[in-house]
Amino acid sequence: MLIRAARHYEGAEQILIRRAVMSSFKFVSISEKELPPQGQWVTAECPARIDMSGGWSDTPPITYEHGGAVVNVAVLVDGQRPMGARARRIPEPLLRLSSKSGPPGAEFHTNLTCRSLADLQDYCQPQAPGALLKAAFICTKTVNLTCEKMLSEQLAGKYGGGFELQTWSNLPHGSGLGTSSILAGAVMVVLYEASGRSVDAESLIHAVLHLEQVLTTGGGWQDQVGGLIPGVKIGRSAPELPLHVTIECLQLPDGFLETLNQHLLLVYTGKTRLARNLLQDVLRNWYARLPDILQNVDALVNNAELCAESFQKGKTVHYTRYV
């Protein structure tokens, strides 16, 4: 009975976090613009990100109960942006989805055609084929699941046809480089543009937070900050709701970026890490308010501020990173 009660409490906790994080949608601003011509691709390519300091302080509920700060860097992998998305309007009133993931020689391909609203119903099941792409159509309000009109009627009436959406990532699954959140941002921005709307970077960061709660994958904000904002930056969130992320791009001294590039080497071990599997343990420790976790979170935020200061001064410092 105690175990069952604990599971119910954790279920309630997840609902509470989901609703709290969804408050970030308040900071999503969308502008209307002219529809692009049918058949014209809208493309977004993104870098990966590496976390320099402060990671996990961006994770709900820590980020809005304690406040968070993360320094991270947008990076090319082998000189290229390793992920992206593109979308275009098509004459047929349907959704044609395709994705490619994995390094060259080990790609995994998914191809789907959604002809009815029923084909989109598994958007909140992360393991379902095309779940991220389906959730993006819903969260950008390109498609309305609760509308009485059929999918074909919605698409034909608003856009004169449907959409083709393609995504790709050349990174291994579970690489820890922020792929899923950054890719979600790429998908959302091309959908907004292809459907005659535009969104700025800050709005996109909060839109991804909202999408990941709809998708039920959870997660914080540092990945999309790292991959959707160029260069070196520090993201911050205050201990309050609605959850609002602010970004400060760090100005580096002359020559320091080259120095940083000369000291970075990405090594893939072949061992994956899935954030969702780690998240529950972190949250249990946080809600227990164990002294160690409280001290660690304080140190994460303090170290991030120290790291940002060091980047701006072009100096290297020794600091303790808590994991």
Side-chain angles (χ1 to χ4, degrees), residues 41-55 58 70-87 98-109 132 165-190 193 199-202 204-205 207-208 212 219-235 245 247-275 304 307-308 310-312 314-316 321:
W41 287 106
V42 178
T43 304
E45 293 181 319
C46 299
R49 72 98 185 98
I50 53 174
D51 160 26
M52 303 302 292
S53 185
D58 65 302
V70 181
V71 175
N72 56 25
V73 184
V75 294
L76 303 178
V77 179
D78 294 330
Q80 297 180 336
R81 295 181 179 91
M83 68 195 86
R86 66 177 190 167
S98 66
S99 64
K100 181 187 73 171
S101 60
E107 299 99 337
F108 180 77
H109 296 263
L132 171 60
L165 174 61
Q166 300 177 356
T167 66
W168 61 90
S169 169
N170 298 328
L171 298 174
H173 183 61
S175 63
L177 293 172
T179 307
S180 59
S181 299
I182 299 170
L183 189 59
V187 170
M188 295 189 85
V189 77
V190 298
E193 292 286 335
V199 62
D200 59 29
E202 181 178 339
L204 195 59
I205 286 164
V208 172
E212 291 189 326
W221 45 257
Q222 74 132 320
D223 291 345
Q224 57 264 39
V225 168
L228 301 178
I229 305 295
V232 184
K233 78 288 297 184
I234 180 169
V245 182
I247 301 103
E248 177 187 355
C249 292
L250 303 180
Q251 299 299 316
L252 309 185
D254 292 342
F256 190 66
L257 181 59
E258 289 74 16
T259 301
L260 180 64
N261 277 326
Q262 292 169 4
H263 290 78
L264 285 178
L265 178 65
L266 181 63
V267 179
Y268 179 53
T269 64
K271 297 181 179 179
T272 61
R273 42 91 64 210
L274 299 179
C307 182
S310 300
F311 265 112
Q312 291 175 311
K315 296 180 179 180
T316 58
R321 178 178 175 188

Could you go through residues 259-266 and list every donor-acceptor pair under 3.5 Å that involves a side-chain atom there, pairing it with any protein atom two or more places apart or in another chain?
from, atom 1, to, atom 2, distance (Å)
T259, OG1, G255, O, 3.1
N261, ND2, L257, O, 3.4
H263, ND1, T259, O, 2.7

Shortest non-hydrogen contact from L177 toward I182: O-CD1, 3.8 Å
Distance-minimising heavy-atom pair for K233 and C249: CB-CA, 4.0 Å
Residue pair W221 / V70, side-chain heavy-atom distance below 4.5 Å: yes
Derivation of the side chain to side chain contact (heavy atoms under 4.5 Å, CB included) call for C46 and L183: CA-CA 8 Å; C46 299; L183 189 59; over 6 Å; no
Side chain proximity check, E107 to W168, heavy atoms < 4.5 angstrom: no
Check: N72 side chain, R49 main-chain N or O, donor-acceptor pair, under 3.5 Å: no
Student check: side-chain heavy atoms of I247 and I205 closer than 4.5 Å: yes
Intermediate values then yes/no, side chain to side chain contact (heavy atoms under 4.5 Å, CB included), M188 and V199: CA-CA 9 Å; M188 295 189 85; V199 62; over 6 Å; no
Exercise: identify the closest heavy-atom pair between G185 and L228: CA-CD1, 4.0 Å
R86, CZ: over 12 other non-hydrogen atoms inside 6.0 angstrom: yes
Which atom of A74 lies closest to which atom of G226, heavy atoms considered: CB-O, 3.3 Å
Qualifying residues under side-chain contact (heavy atoms from CB on, under 4.5 Å), relative to S101, sequence neighbours excluded: F108
OG1-CD distance between T43 and Q166, expressed to the nearest 0.5 angstrom: 9.0 Å
Contacts of type salt bridge (Lys or Arg N to Asp or Glu O under 4.0 Å), residue E45, not counting sequence neighbours: none
Pairwise distance OG1(T179) to CG(N170) - rounded to 0.5 angstrom: 10.0 Å
Over all atoms of both residues, closest heavy-atom pair of A304 and G54: CB-CA, 4.1 Å
Closest non-hydrogen atom pair between A308 and I234, with its separation: CB-CD1, 4.0 Å
Working for side chain to side chain contact (heavy atoms under 4.5 Å, CB included), residues L76 and R81: CA-CA 5 Å; L76 303 178; R81 295 181 179 91; 3.8 Å; yes
Spatial distance of atom OG (S310) from atom CG (L250) [nearest 0.5 Å]: 10.5 Å
Residues L204, Q224; criterion side chain to side chain contact (heavy atoms under 4.5 Å, CB included); working and verdict: CA-CA 8 Å; L204 195 59; Q224 57 264 39; over 6 Å; no
